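In what follows, a structure is listed as structure tokens, so that the remarks can point back to it.
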Amino acid sequence: MTTIITKKKAWCNLINQCENADFYHTFDYHLLSKSLNETPILIQYKEDNKVIGLPLLLRKIGNTNYFDATSVYGYSGPLTINIDSDFDNINFKNELNKVLLEQNIITVFSRLNPFVSNQETVLKNIGFIYNSGKIVNIDLTKNLENQKKDYSKRYKTYINKSRKLCYIKKVNSKDDITEFVKIYHANMKRVNATSNYFFPKEYFFSFFDSNAFQTELLVAIDKLSNEIIAGAMFIKKNKIIQYHLSGSKENYLEYNAIKLLIDEMRLQASSENFIFFNLGGGVGNKEDSLLKFKSGFSKDYKTFKLWKYTIDQNLYKNLVFQMQTKSCKLNFNNCTDFFPCYRCNLMLHKENEN
């Protein structure tokens, strides 16, 4: 049996049964992440005592009667109950196709979660799964000494120096959160981040208002001036900690306070028996300076994967060609990097040139 859940209570009931759910799977985070034209849905499949939950954001496709579905930004994908690597997903595939076609959903795209088991088992032979890059995890099952051994020598020196210059405090007042938002926005301007990284202040407050996950904001305070010089938001759910957002004041960059904040959370998380501490990857999953920064803490790389599924290939091709104009030089057969192709920013940019 397959149903579509849109209400918070039923959504939370399912997520709470999944021991390895991440905060990216929650109803609250879907509300935080969705655009005005997106609707959070959770596709629930039941087979005897087995359950699959697939959270998505539903979007209308232009001026058509069709929809597509995508995942929230982060690490999502299906959750399971009583499913192991021997699971035969043929009935799930048939039921999923039936529901998607009934809802006029043409494509599904989801970022998968490297810390959630059996996602690929559930999605086997349903579309395609692609390796998109790597992310950095600190293995919290190691003892503290072995965790620290994975740090680069320079990081150990930086962190020791930083602890002498500043101290760490966990904060959650509106004033402190507002100060962090200012630091974060200034940091994004300094690194020339794209507009989608400039979250409004209400976005940050909503994290602390949610009881679906635990949000912690650690700030670094200069010992001489007693000034907040950096901050980092960490989100906890079950056995996973996600390094979410951070920022440092430009005139204090030499303090390396962000490295200290990550190290402090590592210590706290280990004492609280968390298993995974995900630092994430590079911008757009590239092997860039951001990934290099995170790799200084650990070489426990996890593969970040994407799931792409087209339910009706002919209809998909027709939609691509309908969305193109004569001025658009994109060739459908070569449009492989962005999915679904008809939402490609390059295509939209070319259409808007004329």
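When reading the values below, keep in mind they use all heavy atoms of this one structure, side chains included, and skip hydrogens, waters and symmetry mates. Nothing here was measured: the structure is a model prediction, and the numbers come from that model.
Evaluation of the ring pair (Phe, Tyr, Trp, His ring centres under 6.0 Å) test over residues 50-70, restricted to residues two or more places apart or in two chains, returns none.
For the pair K308 and F128, the cation-pi test (distance below 6.0 Å, angle within 45°) is failed. A cation-pi geometry, defined here as NZ or CZ lying under 6.0 Å from the six-membered ring centre and within 45° of its normal, does not hold between K239 and F276.
A donor-acceptor pair under 3.5 Å is formed between the side chain of W11 and the backbone N or O of H25. S298 places a side-chain N or O within donor-acceptor distance of the main-chain N or O of D300, the cut-off being under 3.5 Å. Using a distance-only test at 3.5 Å, with no hydrogens or angles considered, no donor-acceptor pair links the side chain of N256 to the main chain of K259. Under the 3.5 Å distance criterion, the side-chain polar atoms of D312 are matched with a main-chain donor or acceptor of N314.
Aromatic pair F277/F297: centroids not less than 6.0 angstrom apart. Taking the centre of each ring, F213 and F207 come in below the 6.0 Å mark. Ring pair Y184/F204: centre-to-centre distance below 6.0 Å. Proximity of the aromatic rings of Y24 and H30 is defined here by a centroid distance below 6.0 angstrom, and this criterion is not met. Proximity of the aromatic rings of H185 and F199 is defined here by a centroid distance below 6.0 angstrom, and this criterion is not met.
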| request: Check the pair N196 / Y73 against side-chain hydrogen bond (donor to acceptor under 3.5 Å, both in side chains), numbers first and verdict last. | output: CA-CA 11 Å; N196 54 304; Y73 182 77; over 6 Å; no
| Are Y45 and T3 close enough, and set up right, to give a side-chain hydrogen bond (donor to acceptor under 3.5 Å, both in side chains), and what steps lead you there? | CA-CA 7 Å; Y45 169 79; T3 56; over 6 Å; no
| So D28 and K8, salt bridge (Lys or Arg N to Asp or Glu O under 4.0 Å) or not? Walk me through it. | CA-CA 8 Å; D28 285 5; K8 180 174 180 176; 3.1 Å; yes
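The residue from E272, Q214, Q242 that alone fulfils the side chain to side chain donor-acceptor pair (under 3.5 Å) condition with K236 is E272.
The number of heavy-atom neighbours closer than 6.0 Å to NZ of K148, taken from other residues, nucleotides and ligands shown, is above 12. More than 12 heavy atoms of other residues, nucleotides or ligands sit less than 6.0 Å from atom NZ of K299.
A salt bridge links D150 with K142: at least one charged nitrogen is closer than 4.0 Å to a carboxylate oxygen. Checked for salt-bridge contact, R266 and D263 meet the test: a charged N lies under 4.0 Å from a carboxylate O. Comment: K249 engages E179 in a salt bridge, judged by a side-chain N to carboxylate O separation of less than 4.0 angstrom. K237 and D22 are not joined by a salt bridge, as no carboxylate oxygen comes within less than 4.0 angstrom of a charged side-chain nitrogen. The pair E216-K170 meets the salt-bridge criterion, since a charged nitrogen lies less than 4.0 angstrom from a carboxylate oxygen.
Checked against side-chain contact (heavy atoms from CB on, under 4.5 Å), I81 has the following partners two or more places apart in sequence or in another chain: L14, Q17, C18, V51.
Between I15 and L79 the shortest side-chain heavy-atom distance falls below 4.5 Å. Taking the side chain as every heavy atom from C-beta outward, N278 and Y75 approach each other to under 4.5 Å. With contacts defined as side-chain heavy-atom distances shorter than 4.5 Å, the pair I129/L306 does not qualify. At least one side-chain heavy atom of Y316 sits less than 4.5 Å from a side-chain heavy atom of Y342.
Taking CG of L101 as the reference point, atom CD of Q103 lies at 10.0 Å (rounded to 0.5 Å).
Aromatic ring pairs are classed by plane angle as parallel below 30°, tilted from 30° to 60° and perpendicular above 60°; the pair F23 and Y29 is perpendicular.
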Validation: residues 115-127 side-chain donor-acceptor distances under 3.5 Å, sequence neighbours left out:
residue	atom	partner	partner atom	Å
S117	OG	N20	ND2	3.4
N118	ND2	I83	O	2.9
Q119	OE1	N113	N	2.9
Q119	NE2	S76	O	2.8
Q119	NE2	P78	O	3.0
E120	OE1	K305	NZ	3.4
E120	OE2	K305	NZ	2.7

